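Numbering of residues begins at 1 and proceeds along the displayed sequence. Owing to the predicted nature of the structure, the values given are computational and were not obtained by experimental measurement. Side chains are part of it too, since the values below use all heavy atoms of this structure and drop only hydrogens, waters and symmetry mates.
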Amino acid sequence: MDEQHEARDVYAAVADPTRRKLLRLLAEADELPLHELTMHFEMGRTANSKHLAILTAADLVRHRKAGRETRYRLNAEPLREIEDWVTFHTAFWNQGSAKLSQLLKEEEE
């Protein structure tokens, strides 16, 4: 998978712990400029900008210019894809667990 395609993938975007922390910070605030986001990390603005670019490519983050600074905000809508996936697999495992419990119960009888 090439890097450009991966950057648009919501799963790949949230796979990185730094990007998950950025999303959490943005979820807790309406908007944050890059310098405020950078204060929460031991990396510079350039590294944070690269993470934000991946999140932006996955449409998880939106940005706007406000004077000389760029302000970032969360767009949580693409996270529904992950929620749907987790919901499906949770139901799958719950059904499997219920079937296994029933089989074990029948064997005991």
Query raised in the report: Has the side chain of Asn75 got a donor or acceptor atom that lies under 3.5 Å from a matching backbone atom of Arg62?
Result: no
**Report entry** Leu26 side, atom CG; Leu55 side, atom CG - distance, nearest 0.5 Å
**Finding:** 8.0 Å
Requested in this report: To the nearest 0.5 Å, tell me how far Arg45 CZ sits from Leu34 CG.
Outcome: 4.5 Å
Query - Closest contact, heavy atoms only, Pro78 versus Asp59 - result: CG-O, 3.3 Å
Requested in this report: Quick one: closest heavy-atom pair of Glu69 and Pro33, and the distance?
Outcome: OE1-CB, 3.5 Å
Query - Those residues that, when tested against Ala27, pass side chain to side chain contact (heavy atoms under 4.5 Å, CB included) (two or more places apart) - result: Leu74
**Report entry** Enclosure of Lys21 NZ (heavy-atom neighbours >12, cutoff 6.0 Å)
**Finding:** yes
**Report entry** Atom pair NE2/CG of His51 and Leu37 - distance to nearest 0.5 Å
**Finding:** 12.0 Å
Requested in this report: Could you grab the distance from atom CG of Leu22 to atom CG of Leu60, nearest 0.5 Å is fine?
Outcome: 11.0 Å
Query raised in the report: Mind checking what makes side chain to side chain contact (heavy atoms under 4.5 Å, CB included) contact with Arg64, not counting sequence neighbours?
Result: Glu31, Ala66, Arg71
Query raised in the report: Given the rule in the side chain to side chain contact (heavy atoms under 4.5 Å, CB included) test, do Met43 and Thr18 qualify, once you have shown the distances and angles that lead to the verdict?
Result: CA-CA 10 Å; Met43 66 179 91; Thr18 299; 3.4 Å; yes
Query raised in the report: Got a sec, which residues hit side chain to side chain contact (heavy atoms under 4.5 Å, CB included) with Thr70, two or more places apart in sequence or on another chain?
Result: His63, Lys65, Tyr72
Requested in this report: Please indicate whether Arg80 has more than 12 foreign heavy atoms, meaning atoms of other residues, nucleotides or ligands, lying under 6.0 Å from its CZ.
Outcome: no
